[in-house]
Amino acid sequence: MIDVKNISKSFGKLQVLKGIDLHIDKGEVVSIVGPSGAGKTTLLQIMGTLDKADSGTIRINDIDINNLSSNKLADFRNKNIGFIFQFHQLLPEFTAEENILIPALIAGTKKNEAKKRAKELLSFLNLSDRANHKPAELSGGEKQRIAVARALINNPAVVFADEPSGSLDSQNKKELHQLFFDLRDKYGQTFVIVTHDEELSKLTDRTIHIVDGTISLPNTEEL
């Protein structure tokens with residue numbers, strides 16, 4: 001599903017990633033853990049096509065993303081990849097439903113089809129009654145679930161999440177963590193999650209440990 005081969009990345013003289021090799025299967029929920037500055041978020045952004053590696057290759061669903069032009073890469077990202085960030089990044093002037101719809105409309109989905117999909121996701125997330133509320137009228141947990149729905153609106157093959165529960169209280173964290181597995185079971189998405197949350201990493205199908213820009217040796221047998 002995702003094949004990462006010999007990915008390296010430097011910022012100036014600082015080498016952040018040092019030849020990462022990684023394979024993630026379709027339908028896996030994988031956590032990436034490690035100390036701050038280890039390269040977790042950099043790897044996630046490169047796999048998610050938000051940044052480029054200095055060397056190495058990435059294939060997602062047998063597509064070599066290194067060979068895509070800027071326009072084709074943007075189209076691939078919109079249709080195949082969903083993102084969830086630590087802070088929901090909802091647009092304050094739009095309602096919950098409108099925020100969810102944005103990626104679908106960018107992809108050229110007909111509005112009635114996009115709205116049907118958004119309503120399905122809102123129902124699954126128990127947020128149907130919040131569809132017309134703007135972010136300022138939603139709780140922290142509700143905002144993050146709306147962000148999850150937005151990530152899923154185009155039915156992406158993979159969802160990349162960067163500290164998705166980092167700003168939530170313990171109850172909302174627990175609910176969000178369970179949601180990833182419920183969504184995987186219902187829609188078949190692959191989830192790759194950067195987290196410092198030990199509770200979440202213990203729940204995932206596999207935990208990948210990154211230390212100083214490399215996958216730590218005790219876990220290489222997991223790859």
Side-chain angles (χ1 to χ4, degrees), residues 1-4 7 20-34 38-51 58-63 65 76-90 99-100 103-104 117-118 120-122 124-127 141-168 172-210 215 219 222-223:
M1 200 288 165
I2 303 174
D3 280 299
V4 175
I7 289 295
I20 296 286
D21 291 318
L22 177 62
H23 176 79
I24 297 171
D25 289 325
K26 178 176 172 55
E28 269 198 293
V29 179
V30 174
S31 56
I32 300 176
V33 304
K40 305 181 302 297
T41 293
T42 299
L43 176 60
L44 192 82
Q45 290 177 338
I46 290 172
M47 287 194 292
T49 75
L50 297 177
D51 198 358
I58 297 175
R59 298 183 71 88
I60 299 177
N61 273 351
D62 288 328
I63 301 294
I65 63 174
F76 177 86
R77 184 188 306 123
N78 177 252
K79 293 178 180 177
N80 294 276
I81 297 174
F83 296 98
I84 304 168
F85 303 100
Q86 179 174 353
F87 300 102
H88 50 81
Q89 307 288 357
L90 300 179
N99 268 282
I100 295 169
R117 170 71 170 161
E120 176 190 349
L121 289 167
L122 283 164
F124 183 81
L125 297 171
N126 296 316
L127 289 171
E142 288 171 338
K143 289 174 186 175
Q144 198 63 319
R145 282 187 284 161
I146 293 298
V148 171
R150 179 183 59 193
L152 293 170
I153 187 69
N154 287 338
N155 196 30
V158 58
V159 176
F160 293 106
D162 191 0
E163 298 288 359
S165 57
S167 62
L168 300 179
N172 278 310
K173 279 186 182 183
K174 186 176 179 180
E175 291 176 0
L176 183 67
H177 295 167
Q178 183 57 49
L179 179 61
F180 294 139
F181 295 92
D182 293 343
L183 288 165
R184 185 268 303 273
D185 293 343
K186 182 173 177 64
Y187 297 113
Q189 265 91 14
T190 302
F191 283 84
V192 183
I193 307 166
V194 163
T195 184
H196 281 104
D197 194 297
E198 290 184 10
E199 208 173 286
L200 174 56
S201 65
K202 289 176 182 176
L203 290 172
T204 56
D205 300 325
R206 184 158 52 111
T207 302
I208 296 160
H209 297 260
I210 295 186
I215 294 176
N219 296 277
E222 295 180 330
L223 301 181

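It should be emphasised that the depicted structure is a prediction, and the values quoted were computed from it without experimental measurement.
Side chains of D162 and Q45: no donor on one and acceptor on the other come within 3.5 Å. A side-chain N or O of T207 and one of S31 form a donor-acceptor pair less than 3.5 Å apart.
Scanning all heavy atoms of the two residues, the minimum distance from I100 to A118 falls at CG2-CB, 3.9 Å. The minimum heavy-atom distance between L44 and V192, with the atom names listed, is CD1-O, 3.7 Å. The minimum heavy-atom distance linking A104 with N154 is given by the pair CA-OD1, 3.1 Å. Here the closest non-hydrogen pair linking L90 and K143 is CD1-O, 3.7 Å. Of all non-hydrogen atoms in L176 and P164, the two that sit nearest each other are CD2-O, 3.4 Å. In this structure, S201 and V33 approach most closely via the heavy-atom pair CB-CG1, 3.8 Å.
Partners of K174 by side-chain contact (heavy atoms from CB on, under 4.5 Å), not counting sequence neighbours: none found. Applying the side-chain hydrogen bond (donor to acceptor under 3.5 Å, both in side chains) rule to D185 yields no partners; only residues at least two apart in sequence or on another chain are considered. Among residues two or more places apart in sequence or in another chain, the ring pair (Phe, Tyr, Trp, His ring centres under 6.0 Å) test is passed with Y187 by F124. With sequence neighbours excluded, the residues forming a side-chain contact (heavy atoms from CB on, under 4.5 Å) with T49 are I65, L73, R77, I81, listed by chain and number. E175 meets the side-chain contact (heavy atoms from CB on, under 4.5 Å) test with Q171, N172; sequence neighbours excluded. Under the rule for a side-chain hydrogen bond (donor to acceptor under 3.5 Å, both in side chains), the partners of D25 that lie at least two apart in sequence or sit in another chain are H23.
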Give the C-alpha distance, both sets of side-chain angles, the deciding distance and a yes or no for salt bridge (charged side-chain N to carboxylate O under 4.0 Å, His left out) between K173 and E199. CA-CA 9 Å; K173 279 186 182 183; E199 208 173 286; over 6 Å; no
Residues T204, V29; criterion side chain to side chain contact (heavy atoms under 4.5 Å, CB included); working and verdict: CA-CA 5 Å; T204 56; V29 179; 3.8 Å; yes
Dump the intermediate steps for side chain to side chain contact (heavy atoms under 4.5 Å, CB included) on V148 and L179, then the final yes or no. CA-CA 9 Å; V148 171; L179 179 61; 4.2 Å; yes
Checking side chain to side chain contact (heavy atoms under 4.5 Å, CB included) for the pair I24/M1: CA distance, chi angles, key distance, verdict? CA-CA 6 Å; I24 297 171; M1 200 288 165; 5.6 Å; no
T190/V159 under side chain to side chain contact (heavy atoms under 4.5 Å, CB included): CA gap, chis, key distance, verdict: CA-CA 6 Å; T190 302; V159 176; over 6 Å; no
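I46 places a side-chain heavy atom less than 4.5 Å from the side chain of I58. Proximity of Q189 to V158: side-chain heavy atoms (C-beta onward) are nowhere separated by under 4.5 Å. Using a 4.5 Å heavy-atom threshold, the side chains of K40 and L43 count as separate. Looking at heavy atoms from C-beta onward, L183 lies in side-chain contact with F191 at the 4.5 angstrom threshold. At a threshold of 4.5 Å between non-hydrogen side-chain atoms, the residues H209 and I32 do not count as touching.
The CD1 atom of I146 lies 10.5 Å from the CD atom of Q144; values are rounded to the nearest 0.5 Å. With values rounded to the nearest 0.5 angstrom, I193 atom CD1 is found 4.5 Å from F180 atom CZ. Note that CD of Q89 and CZ of R150 are 7.0 Å apart. Values are rounded to the nearest 0.5 Å. Here CD1 of I20 is found 9.0 Å from CD1 of I7. Values are rounded to the nearest 0.5 Å. In this structure, the separation between CD on E120 and NZ on K186 is 6.0 Å, given to the nearest 0.5 Å. Rounding to the nearest 0.5 Å gives a distance of 9.0 Å between OG1 of T42 and CD1 of I210.
Atom CD of E198 has 12 or fewer neighbouring heavy atoms from other residues, nucleotides or ligands inside a 6.0 Å radius.
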